[in-house]
Amino acid sequence: MSYVFSIATYASPTVFIGTMKRNIGLGPPASAPRWAAAVANADWCVTGPLIVALSAAWDTDVATITMGVAAYSLGYGCALPLWGAAADRYGYQRCLQTGMLLGAIASAGSALSPGPGWWIALRMAAGASFAAVPPCVSLACESADSAQNRHRSFAGLTVAAAMAAVAAPPLAVLASLAASWRLPFLLVGLLAVATVFRMSGAPPDASPPRPSAARWHANAPAYRTVIALGAAEGAALLTLPALLAPSLALSGARTVTALAQPLYAVGVLSSTVMVHRHCHTWPPMRLLGVGGAAGAVGTALTASSPGPSSTLVCALLLGAAWGYLHTTLQTWLPHLVPFSARARASALFAAAAMLTSSLAIAVGTALLQQGRHTAVFAAGFLSCALLTCLTRSVARRWT
């Protein structure tokens, strides 16, 4: 960020919170896309800490519940290109409101599921609905007048999502202990409805240009680059965080399973704060290198020394990797194509990431069930190294 937190400057908690909200964009009504990003991320994050409670409630194994995470990723990835094309054609506000409303219905349905089969199907529907968020908020950030300001906007979105990820897991656990595992999903649905109403007062976005088939073919090489990098990010930065909680649960460390997601979110939040400061002075290659190094160190540590402590440190470092790598890629990759196709490019990037992670989560869960924790995180190390090399190679075009 463009400021440094210090006790001397922010002696008052009210001043601190108010300043933070202004800097990350959670204050005025125009920040509805950030609220949408936060709610969508909360929906993703509540499942991890409830894995044990869900498996106990339905008398099934952890692997079955983890398939709900893979189903969410599958629905998310399949729907993303459709939402991207719709946002380019009809504008981000209309599509974002529709997606959030459908997501509210799917989350509420998840809370009412009578068994794991229904729950997994509705998690897939929730993923397909909240998939409207990435392309729509990407278009919302395109109004920035410079690359640095776009980077700050994406960093602000990431901070909002990370704050939701920090708060959602412990609140989900508390809600499940106080009432039932169903309550967190119901609350997410209510927050999604509130976000739709929050957006209803915003001014309509400008009429978007209509993309053509000819432009699609002209931009095919750029789209291939976007899809390849999305797949690499999905294998490294989406799969591994999703496997942290199952890894802890299957290794016998169930008491600390709920800590994995909050620590990951703390890593995202702290690294994104640093990105806010560094994006004006650091070139993309340096930002990508720092993020890749954090992910590689975390996975190498867990692969070489398996255990709850190393897994939780890995969660923190994977969050830091996401803060540096993802915001940088989101800032620059859509600009490989014309403005009329940028929501589609952002959607293809995220779709490739989610579909790859959906497959990788299923494979990783099977390996964890066999006790092959070292193999999973060694593969994660290779994925982080590959992603860093690919992104730094493509970044040469940006500078």
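Placement of Leu96 and Leu101 within a single hydrophobic cluster is found when ILVMFWY residues are connected by side-chain heavy-atom separations under 4.5 Å, directly or transitively. One hydrophobic cluster holds both Val46 and Ile361 under the rule that ILVMFWY side chains link at heavy-atom gaps under 4.5 Å.
In this structure, Pro246 and Ile51 have side chains that are in contact, with non-hydrogen atoms separated by less than 4.5 Å. A 4.5 Å side-chain heavy-atom check between Ser55 and Asp61 finds every atom pair outside the cut-off. Side-chain atoms of Phe381 and Leu386, non-hydrogen and from C-beta on, never get closer than 4.5 Å to each other. Here the side chains of Leu301 and Cys314 are not in contact, with every heavy-atom distance at 4.5 Å or above. Put simply, the side chain of Pro184 does not reach to within 4.5 Å of the side chain of Leu171, judged on heavy atoms. No side-chain heavy atom of Tyr76 sits under 4.5 Å from any side-chain heavy atom of Met124. Side-chain atoms of Leu50 and Phe185, non-hydrogen and from C-beta on, do get closer than 4.5 Å to each other. Using a 4.5 Å heavy-atom cutoff, the side chains of Thr47 and Trp119 are in contact.
Taking the six-membered ring wherever Trp is involved, the centroid distance between the rings of Trp118 and Trp58 does not fall below 6.0 Å.
With sequence neighbours excluded, the residues satisfying side chain to side chain donor-acceptor pair (under 3.5 Å) with Ser107 are Asp43. Partners of Ser129 under the side chain to side chain donor-acceptor pair (under 3.5 Å) rule, at least two apart in sequence or in another chain, do not exist in this structure.
The aromatic rings of Trp282 and Tyr324 lie parallel to each other, their planes meeting at an angle below 30°, with 60° marking the opposite boundary.
A donor-acceptor distance shorter than 3.5 angstrom exists from the side chain of Ser113 to the backbone of Ser110, with no hydrogens or angles considered.
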Verdict with reasoning, Val268 to Tyr264, per side chain to side chain contact (heavy atoms under 4.5 Å, CB included):
CA-CA 6 Å; Val268 173; Tyr264 173 78; 3.9 Å; yes

Which atom pairs, one a donor and one an acceptor, fall under 3.5 Å between side chains of residues 233-244 and the rest of the protein, sequence neighbours left out?
residue: Glu233; atom: OE1; partner: His326; partner atom: ND1; Å: 3.1
residue: Glu233; atom: OE2; partner: His326; partner atom: ND1; Å: 3.2
residue: Thr239; atom: OG1; partner: Gly234; partner atom: O; Å: 2.9

